[in-house]
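Atoms considered below: every heavy atom in the structure, side chains included; atoms not considered: hydrogens, waters and symmetry mates. Each residue takes its place number in the sequence, starting with 1. Predicted model only: the values in this text are computed from it and were never measured.
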Amino acid sequence: QRPHPGTHASRTHRLLQRLQSPPPPNPPPNPTICHVMEPDLLDTPPRGPLGNADLESAMTRSLRKVITDRDIEMFAEVSTDRNPVHLDEDYAQETIFAGRIAHGMLTAGLVSAVIGEQLPGHGTVYLGQSLKFLAPVRPGDMVLAEVEVTDIDHSKRRVTMNTRCLVNDKKVLVGDATVLAPSRKFD
């Protein structure tokens with residue numbers, strides 16, 4: 001028996017139907033991820049993964065990604081965080097956000113992507129990350145995730161980085177990461 005339309009049970013029923021539907025066959029590759037190379041955003045263009053000896057203070061890397069409905073739905077499935085503020089527009093309209101928002105950790109995952117893919121890159125081990133969420137990210141927002149090296153202990157291969165995400169030049173997430181850099185460059 002279907003729940004009465006407009007109730008929380010109804011919204012949950014629609015959400016569960018959507019999550020249980022099979023994904024479209026062969027989704028196209030996500031063209032929204034790219035290395036940002038504008039000189040006003042980066043001190044140096046991305047060169048790929050770096051070894052401990054190649055790291056310098058103030059190095060910066062970033063990526064841009066449009067957050068899609070599918071990203072949010074897949075994150076909900078993988079994380080098991082099915083909070084309706086992320087998945088149910090009717091429910092989310094009645095919250096302080098007045099509409100659906102992406103999971104904060106989905107946004108934070110873009111910082112992880114920059115660290116794991118670019119700076120320092122492949123072979124990096126995350127040791128810690130602080131996060132402060134400043135504003136919501138909504139479906140359709142273009143997020144710019146940036147990391148900047150602030151301190152390096154070459155003898156211990158420990159790197160501290162400032163991390164941030166922006167939407168339309170407004171910070172939506174800030175924090176600091178500590179990582180163990182790879183001992184050599186991986187290509």
Side-chain angles (χ1 to χ4, degrees), residues 27-68 70-72 74-81 86 101-139 141-187:
N30 188 344
T32 59
I33 296 178
C34 62
H35 300 289
V36 179
M37 297 182 72
E38 296 93 339
D40 61 320
L41 295 176
L42 297 177
D43 294 331
T44 57
R47 305 185 291 189
L50 301 170
N52 181 43
D54 300 315
L55 295 171
E56 299 172 8
S57 191
M59 279 184 153
T60 306
R61 297 290 185 272
S62 64
L63 67 74
R64 289 182 196 261
K65 176 166 181 14
V66 173
I67 301 298
T68 66
R70 180 151 167 74
D71 294 330
I72 294 168
M74 289 189 328
F75 190 88
E77 186 175 334
V78 169
S79 69
T80 71
D81 178 354
H86 306 301
I101 61 171
H103 301 74
M105 296 309 289
L106 172 58
T107 305
L110 300 178
V111 168
S112 176
V114 177
I115 290 170
E117 293 292 325
Q118 298 182 42
L119 183 63
H122 297 174
T124 300
V125 176
Y126 241 117
L127 299 176
Q129 171 79 55
S130 68
L131 297 170
K132 184 172 183 179
F133 300 98
L134 305 175
V137 172
R138 299 183 183 280
D141 281 350
M142 170 76 79
V143 177
L144 171 66
E146 299 177 314
V147 301
E148 179 180 1
V149 175
T150 57
D151 189 52
I152 307 167
D153 182 340
H154 287 286
S155 66
K156 293 183 179 177
R157 297 179 16 223
R158 289 184 189 251
V159 181
T160 304
M161 293 180 269
N162 177 268
T163 62
R164 57 196 168 266
C165 290
L166 298 93
V167 172
N168 296 324
D169 296 323
K170 178 182 176 186
K171 289 182 182 176
V172 296
L173 176 153
V174 295
D176 292 291
T178 304
V179 301
L180 185 64
S183 58
R184 62 182 176 82
K185 187 174 180 174
F186 291 90
D187 289 321

- Keeping to residues at least two apart or across chains, list the side chain to side chain donor-acceptor pair (under 3.5 Å) pairs with something in residues 168-177. none
- Message: Rounded to the nearest 0.5 Å, what separates atom CE in M142 from atom CG in L166?
- Response: 12.5 Å
- Pairing residues for N162 by the side-chain hydrogen bond (donor to acceptor under 3.5 Å, both in side chains) criterion, not counting sequence neighbours: R164
- Message: Distance check, rounded to the nearest 0.5 Å: E146 atom CD versus M161 atom CE?
- Response: 13.5 Å
- Message: Please enumerate all residues that pass side chain to side chain contact (heavy atoms under 4.5 Å, CB included) together with L180, with sequence neighbours excluded.
- Response: V125, L127, R157
- Task: First locate atom CG of L144, then atom CG of L110, and finally report the distance between them rounded to the nearest 0.5 Å.
- Result: 9.5 Å
- Can V174 and L131 be said to form a side-chain contact (heavy atoms from CB on, under 4.5 Å), step by step? CA-CA 6 Å; V174 295; L131 297 170; over 6 Å; no
- Task: Examine distances only and state if a side-chain atom of Q118 and a backbone atom of S62 form a donor-acceptor pair shorter than 3.5 Å.
- Result: yes
- Note on the structure: Exactly one of L119, T150, V159 clears side-chain contact (heavy atoms from CB on, under 4.5 Å) with M59, and that residue is L119
- How would you list, by chain and number, every residue that makes a side chain to side chain contact (heavy atoms under 4.5 Å, CB included) with Y126, sequence neighbours excluded? V111, S112, I115, Q129, A177, V179
- Working to the nearest 0.5 Å, report the span between CD1 of I101 and CG of D141. 11.0 Å
- Query: Can you check side-chain contact (heavy atoms from CB on, under 4.5 Å) on V137 and I67, steps first, answer last?
  - Reply: CA-CA 8 Å; V137 172; I67 301 298; 3.9 Å; yes
- Would you say T124 and P182 make side-chain contact, with heavy atoms under 4.5 Å? yes
- Who passes side chain to side chain contact (heavy atoms under 4.5 Å, CB included) against S79, sequence neighbours left out? F75, D81
- Rounded to the nearest 0.5 Å, how far apart are CZ of F133 and NE2 of H103? 11.5 Å
- Task: Taking the side chain as every heavy atom from C-beta outward, state whether V172 and L134 have any atom pair closer than 4.5 Å.
- Result: no
- Query: Do M74 and I72 touch side chain to side chain, with heavy atoms closer than 4.5 Å?
  - Reply: no
- In terms of heavy-atom contacts, P120 and L55 come closest through CG-CD1, 4.1 Å
- So D151 and R158, salt bridge (Lys or Arg N to Asp or Glu O under 4.0 Å) or not? Walk me through it. CA-CA 8 Å; D151 189 52; R158 289 184 189 251; over 6 Å; no
- Query: Between the main-chain N or O of E148 and the side-chain N or O of T60, is there a donor-acceptor pair closer than 3.5 Å?
  - Reply: no
